[in-house]
Amino acid sequence: LAFGAPQVIAGKTLKTSPFVSHPPRIASADFTPGKTHRAKITLTNVSLSFNNFKLLPLPDAIIDFFEISYGKPGRMSAGTSCTVDIAFTPQVDEDIFDALPLLASTGPFEVPIVCTTKKVLPSVSAKRVQFDGVVMGDTKTFALVIKNAGALPTTYEFFDPETGEPAGVGSRPKRS
């Protein structure tokens with residue numbers, strides 16, 4: 001069977017990907033440029049019979065960031081697996097959304113690559129804080145939860161939406 005030829009067994013033609021990856025994608029969240037991040041995937045032959053695969057070159061934009069190694073399994077019977085080790089050493093602080101291209105005897109397939117930089121992921125428990133009915137000299141308390149679920153630290157400030165001036169603890173109203 002030549003690489004890329006459709007697989008027909010007992011009159012059935014394989015119409016899905018010949019291999020399944022577990023996990024389904026190569027992922028690295030919150031990576032640090034210059035630091036090596038490691039991952040493993042397991043490719044399982046889910047074709048109708050024997051199959052094999054080979055790694056195709058990565059796209060030029062990401063080829064220098066990845067080192068991929070695996071024991072070449074040769075001809076694999078249906079249901080057998082092969083572990084692939086991936087070392088990812090990014091040199092730039094940019095998200096990567098691409099794919100690892102492979103070629104099986106039954107045709108090409110790919111494993112998605114999703115590598116994301118550290119980000120700020122802020123959330124606030126209320127969209128608007130409004131202190132109705134408060135007159136000068138009175139005090140009112142409002143519970144507000146501010147969170148950053150991201151890996152990149154951040155700071156925040158409060159601004160009055162009408163004036164654009166900073167607001168919050170320690171600020172004083174302007175007198176006209």
Side-chain angles (χ1 to χ4, degrees), residues 1-9 12-125 127 144-159:
L1 194 67
F3 273 101
Q7 188 179 55
V8 181
I9 303 292
K12 291 185 178 184
T13 303
L14 179 67
K15 294 180 181 172
T16 63
S17 177
F19 286 84
V20 170
S21 174
H22 182 77
R25 64 184 182 178
I26 300 164
S28 180
D30 303 328
F31 70 75
T32 302
K35 180 181 175 196
T36 300
H37 305 264
R38 299 190 182 281
K40 286 181 187 267
I41 59 169
T42 302
L43 294 176
T44 303
N45 177 7
V46 293
S47 65
L48 303 170
S49 183
F50 289 97
N51 209 335
N52 56 358
F53 69 89
K54 65 181 177 180
L55 184 63
L56 297 175
L58 284 164
D60 289 342
I62 64 170
I63 194 165
D64 295 333
F65 305 153
F66 291 88
E67 186 176 312
I68 300 166
S69 61
Y70 62 99
K72 295 179 177 45
R75 192 173 148 168
M76 299 170 62
S77 61
T80 58
S81 300
C82 174
T83 300
V84 178
D85 295 306
I86 299 111
F88 168 56
T89 309
Q91 300 304 315
V92 293
D93 198 21
E94 295 176 6
D95 292 344
I96 296 172
F97 299 98
D98 219 309
L100 173 66
L102 298 123
L103 181 61
S105 297
T106 53
F109 69 103
E110 58 187 31
V111 178
I113 297 173
V114 178
C115 299
T116 56
T117 60
K118 293 179 182 178
K119 297 199 176 24
V120 174
L121 298 173
S123 65
V124 181
S125 62
K127 295 252 183 211
L144 182 67
V145 179
I146 302 169
K147 291 183 182 178
N148 176 15
L152 193 62
T154 189
T155 59
Y156 60 89
E157 294 180 308
F158 292 100
F159 292 90

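Because the structure is predicted, anything quoted here is derived from the model rather than measured. The figures that follow rest on heavy atoms only: side chains count, while hydrogens, waters and symmetry mates do not.
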(message) side-chain contact (heavy atoms from CB on, under 4.5 Å) for Cys82 and Phe19? Distances and angles first, verdict last.
(response) CA-CA 10 Å; Cys82 174; Phe19 286 84; over 6 Å; no
(message) Quick one about Thr42 and Lys40 (side-chain donor to acceptor, distance below 3.5 Å, no hydrogens or angles considered), yes or no?
(response)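 No, because no side-chain N or O of Lys40 sits under 3.5 Å from a partner of the opposite role on Thr42.
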(request) Check whether the side chains of Asp95 and Thr117 place a donor and an acceptor atom closer than 3.5 Å, and report yes or no. (result) yes
(request) Show the numbers, then the answer: is there a side-chain contact (heavy atoms from CB on, under 4.5 Å) between Val111 and Leu43? (result) CA-CA 9 Å; Val111 178; Leu43 294 176; 4.0 Å; yes
Under 3.5 Å donor-acceptor, [X] side chain and [Y] backbone:
X	Y	answer
His37	Asp30	no
Asn45	Thr80	no
Asp98	Ile113	no

Between [atom1] of [X] and [atom2] of [Y], what distance do you get to the nearest 0.5 Å?
X	Y	atom1	atom2	value
Phe65	Ser28	CZ	OG	12.5 Å
Asn148	Thr154	CG	OG1	6.5 Å
Ser49	Arg75	OG	CZ	6.5 Å
Ile68	Leu102	CD1	CG	8.0 Å
Cys115	Glu94	SG	CD	12.5 Å

(request) Look at the rings of Phe88 and Phe66 and say which category their plane angle falls in: under 30° parallel, 30 to 60° tilted, over 60° perpendicular. (result)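 Parallel.
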(request) Would you indicate whether Phe97, at its atom CZ, is surrounded by more than 12 heavy atoms from other residues, nucleotides or ligands within a distance under 6.0 Å? (result)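 Count over threshold, so yes.
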Using every non-hydrogen atom in the two residues, find where [X] and [Y] come nearest and quote the distance to one decimal.
X	Y	answer
Leu103	Pro108	CD1-N, 3.5 Å
Ala87	Thr36	CB-CG2, 4.1 Å
Pro18	Asn51	CB-ND2, 3.3 Å
Met76	Pro73	SD-CG, 3.5 Å
Lys54	Tyr70	CA-OH, 4.0 Å
Ser47	Ala78	O-CB, 3.6 Å

(request) Flag the pair Arg38 / Asp85 as yes when at least one side-chain heavy-atom distance between them is below 4.5 Å, and no otherwise. (result) no
(message) For a 4.5 angstrom cut-off between non-hydrogen side-chain atoms, does Pro33 reach Val92?
(response)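 A side-chain contact is absent here, since even the closest heavy-atom pair is not under 4.5 Å.
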